[in-house]
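Computed over heavy atoms, backbone and side chain alike; hydrogens, waters and symmetry mates excluded. Along the sequence shown, the residues carry numbers beginning at 1. These numbers come from a predicted model, not from an experiment.
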Amino acid sequence: MSSNLGVYLKSLREDKKLSQAKFGKELGFSARTVSDWENGNTEPNLNTVKAIVKFYDITYEELFEEIN
């Protein structure tokens with residue numbers, strides 16, 4: 001996984017002034033899981049990507065442009 005995705009996810013979260021715990025709760029994940037995404041240890045699956053895009057009201061193109 002590109003570490004750029006983690007950096008971008010973190011910036012989206014911080015722009016909304018959400019903690020990892022609060023964002024995780026919104027999507028049904030632990031703060032640890034959010035931390036793992038942001039640090040590039042794991043990546044969200046396709047269903048989670050769909051939820052992230054919807055939550056942040058961004059397009060898939062916006063998300064994937066950031067990780068290239």
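- Tested against Phe29 for a ring-ring contact (aromatic ring centres under 6.0 Å, His included), the candidates Trp37, Phe23, Phe55 yield a single pass: Trp37.
- Distance check: Leu9 CG to Glu43 CD gives 10.5 Å after rounding to the nearest 0.5 Å.
- Residue pairs meeting the salt bridge (Lys or Arg N to Asp or Glu O under 4.0 Å) criterion with at least one partner in residues 3-28, sequence neighbours excluded, are Arg13-Glu38.
- Judged by distance alone, the side chain of Glu62 and the main-chain N or O of Thr59 form a donor-acceptor pair under 3.5 Å.
- The shortest distance between side-chain heavy atoms of Leu5 and Phe64 does not fall below 4.5 Å.
- A side-chain donor-acceptor contact under 3.5 Å links Asn45 and Thr48.
- Between Leu12 and Ile58, the closest side-chain pair of non-hydrogen atoms falls below 4.5 Å.
- In the hydrophobic clustering of ILVMFWY residues, with side-chain heavy atoms under 4.5 Å counting as a link, Tyr60 and Val7 come out apart.
- Side-chain contact between Lys50 and Asn47: present, with at least one pair of heavy atoms (C-beta onward) separated by less than 4.5 Å.
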